Amino acid sequence: MASMVSLSNAIGFSHTTNHNTLFSTSLCKLNYSSNMVEMKTFSQQGCRKIGHDRRCFRVYGLYGGRKENNEKSDDATSKVTLSGNQQPIRTEITKAAKELRPEQSGGKNTNEVPQNADFPRQYSRKEKKPFPVPIVELRRAARERIKKMKDVPKKKPMPAPKNGLLVKNLIPYAYDVYNARITLINNLKKLLKVVPVHACGWCSEIHVGPVGHPFKSCKGTQANRRNGLHEWTNAHVEDILIPVDTFHLYDRLGKRIPHEKRFSIPRIPAVVELCLQAGVEIPEFPTKRRRKPIIRIGKKEFVDADESELPDKVPDNPTTPLLAEIPDSEIVAPVNKEEVVHLAEETLQAWEQMRRGTKKLMRMYQVRVCGYCPEIHVGPSGHKAQNCGAHKHQQRNGQHGWQAAVIDDLIPPRFVWHVPDVNGPPLERELRNFYGQAPAVVEMCIQAGAALPEQYKSTMRLDIGIPSTLKEAEMVV
């Protein structure tokens with residue numbers, strides 16, 4: 001692999017006659033055993049004129065040490081090609097530099113999670129959501145799929161769940177996701193008794209901490225009269241876990257829901273609907289279960305197989321019992337610190353289990369989202385209800401622009417500002433650029449005493465020193 005040479009590592013101008021150093025002090029300490037490469041400026045004589053003197057600059061190699069003859073061939077010199085009229089420079093890679101490349105030595109990178117990543121982008125109402133896979137990649141994959149289908153028989157049996165059957169190895173994950181969601185809701189109700197969470201009375205923003213943040217980010221009604229300041233009130237579970245509802249389908253392979261029947265079909269949480277289609281049995285929401293694959297007639301036409309010869313189906317008791325939500329009147333707050341920490345760890349584990357299991361279910365069971373509004377539909381194709389009220393919905397006659405959904409569409413993480421020290425001073429408005437963000441559920445568990453997960457450190461900015469005064473913040477470059 002070609003190694004790059006940093007021109008800013010060590011550059012010193014020297015005189016052409018006596019080779020005296022122009023600067024008395026060097027920017028960095030150089031090793032005399034390192035490779036020294038002399039590069040001249042592009043003029044007729046190879047040097048640039050400065051006044052009446054001719055001066056050129058020298059570039060010192062990034063990696064030092066001369067290659068010995070008894071070294072292996074893997075440590076051979078590598079060529080670096082420069083663009084333009086510059087000549088190729090040869091540099092040497094030392095053993096210490098090769099240790100920095102774990103993919104060459106077979107080792108794993110210990111720091112896989114980057115630090116100080118950008119916050120999730122907030123798309124405006126006038127902007128369409130990007131596709132999870134670019135449309136160019138989708139078209140290229142479709143062309144390759146058509147080429148492969150030429151030599152494959154057309155009557156190829158379809159796998160589950162496209163043939164109407166359940167994916168048996170995903171049924172336990174469906175029960176785990178359903179119970180994890182119920183556990184998360186019950187634990188959040190208990191944590192709200194000990195962890196203060198504030199919600200703005202005019203917009204959808206929330207804050208986890210003793211007091212609300214002072215940032216002027218309110219976009220609700222009459223925000224100009226309040227100069228963008230929030231009016232904080234007590235938050236509820238619905239403010240932390242954003243409710244995302246969808247239509248319940250009795251038959252996921254049936255006809256699409258027309259616009260006229262949008263009020264006669266019940267709407268339930270999207271995660272619950274995904275679990276129902278994956279195999280969870282709930283008496284309140286019946287779902288059609290096939291025991292034989294469907295018979296495909298056309299591209300969008302099929303008939304059910306004859307199941308009269310099969311014996312009567314005996315309802316099986318689920319191996320994992322379904323949990324139930326605890327009413328608000330029966331919620332009991334934890335007594336001591338140990339119970340709070342244990343409750344926070346259990347809540348964080350339920351949050352990760354719900355998201356991890358939902359990702360596995362979404363790989364097999366298709367979920368659609370509107371590219372203009374947050375409408376979700378669990379099924380192979382979206383419904384026909386014309387209830388999209390996003391930007392320029394009149395041009396689409398209220399129809400949704402369906403596309404493949406991601407995990408954040410089904411379980412949106414509501415990011416809040418991370419409080420570095422709960423017992424310390426509150427957040428300051430002038431130091432906003434130094435604070436990080438985390439999902440509200442994660443921030444609540446961290447303030448309650450749970451261990452910080454590794455995957456959320458990238459947006460929390462934990463390695464940034466927060467200035468103590470405004471004068472120190474102005475000195476930061």
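Owing to the predicted nature of the structure, the values given are computational and were not obtained by experimental measurement. Values below: all heavy atoms of this structure, side chains included; hydrogens, waters and symmetry mates excluded.
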TODO: Would you please indicate yes or no on a ring centroid separation below 6.0 angstrom for H400 and H383?
DONE: yes

Open item on the list: The test is side-chain contact (heavy atoms from CB on, under 4.5 Å); show your working for V441 and L241 and say whether it passes.
Closed with: CA-CA 8 Å; V441 177; L241 289 179; 4.1 Å; yes

About how many Å separate [atom2] of [Y] and [atom1] of [X], when rounded to the nearest 0.5 Å?
X: Q386; Y: R396; atom1: CD; atom2: CZ; answer: 11.0 Å
X: S381; Y: L253; atom1: OG; atom2: CG; answer: 9.5 Å
X: D239; Y: E205; atom1: CG; atom2: CD; answer: 12.0 Å
X: L188; Y: K193; atom1: CG; atom2: NZ; answer: 13.0 Å
X: C370; Y: K128; atom1: SG; atom2: NZ; answer: 8.0 Å
X: Y250; Y: I265; atom1: OH; atom2: CD1; answer: 13.5 Å

Open item on the list: Salt bridge check, R140 against E137: does any charged N sit closer than 4.0 Å to a carboxylate O?
Closed with: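 Result for this pair is yes, salt bridge flagged.
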
Open item on the list: Check this for me, if you would: do R225 and E231 make a salt bridge, where the nitrogen-to-carboxylate-oxygen distance has to be below 4.0 angstrom?
Closed with: no

Is there a donor-acceptor contact under 3.5 Å from the side chain of [X] to the main chain of [Y]?
X: R267; Y: D245; answer: yes
X: Q447; Y: V208; answer: yes
X: Y178; Y: L276; answer: no
X: R414; Y: A440; answer: no
X: K129; Y: C373; answer: yes
X: R355; Y: I407; answer: no
X: K189; Y: I326; answer: yes
X: H198; Y: G209; answer: yes
X: E273; Y: L249; answer: yes

Open item on the list: Using the side chain to side chain contact (heavy atoms under 4.5 Å, CB included) criterion, which residues pair with F415? Sequence neighbours excluded.
Closed with: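 So F415 forms a side chain to side chain contact (heavy atoms under 4.5 Å, CB included) with P120, P413, Q437, P439, T459.
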
Open item on the list: If the condition is side chain to side chain contact (heavy atoms under 4.5 Å, CB included), which residues does I135 pass it with, not counting sequence neighbours?
Closed with: L138, R139

Open item on the list: Between F247 and E375, is the side-chain contact (heavy atoms from CB on, under 4.5 Å) condition met? List the steps.
Closed with: CA-CA 10 Å; F247 288 107; E375 179 71 13; 4.2 Å; yes

Is it true that, when you exclude [X] itself, more than 12 heavy atoms of the residues, nucleotides or ligands shown sit nearer than 6.0 Å to its [atom1]?
X: Q222; atom1: CD; value: yes
X: H342; atom1: NE2; value: no
X: N234; atom1: CG; value: no
X: N336; atom1: CG; value: yes

Can you give me the closest heavy-atom contact between [X] and [Y], atom names plus distance?
X: V272; Y: I268; answer: CG1-CD1, 4.3 Å
X: C445; Y: L191; answer: SG-CD1, 4.4 Å
X: A438; Y: M460; answer: CB-CG, 3.9 Å
X: L348; Y: P453; answer: CD2-CG, 3.5 Å
X: M158; Y: N163; answer: O-ND2, 3.2 Å
X: I376; Y: A405; answer: CD1-CB, 4.4 Å

TODO: Check step by step if side-chain contact (heavy atoms from CB on, under 4.5 Å) holds for W232 and V211.
DONE: CA-CA 9 Å; W232 299 110; V211 294; over 6 Å; no

If we only count heavy atoms from C-beta on, is the [X] to [Y] side-chain gap below 4.5 Å?
X: K384; Y: K261; value: no
X: L427; Y: F434; value: no
X: Y372; Y: H391; value: no
X: D409; Y: P374; value: no
X: V419; Y: E443; value: yes
X: I446; Y: Y456; value: no
X: R252; Y: P161; value: yes
X: E281; Y: Y175; value: yes

TODO: For the residue pair F285 and H248, categorise the inter-ring angle as parallel (less than 30°), tilted (30 to 60°) or perpendicular (more than 60°).
DONE: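 Judged by the thresholds at 30° and 60°, the geometry between F285 and H248 is perpendicular.
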
- [ ] Kindly assign one of parallel, tilted or perpendicular to the pair F215 and Y435, based on the angle between their ring planes and the thresholds 30° and 60°.
- [x]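 Tilted, since the angle between the ring planes falls between 30° and 60°.
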
Task: Test side-chain contact (heavy atoms from CB on, under 4.5 Å) applied to H418 and L462, step by step - done: CA-CA 9 Å; H418 171 61; L462 300 179; 3.8 Å; yes

Task: side-chain hydrogen bond (donor to acceptor under 3.5 Å, both in side chains), paired with D251, selected from R289, R290, Q277 - done: R290

Task: Exercise: do E345 and Q349 side chains pair donor with acceptor under 3.5 Å - done: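 There is no such pair between these side chains.
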
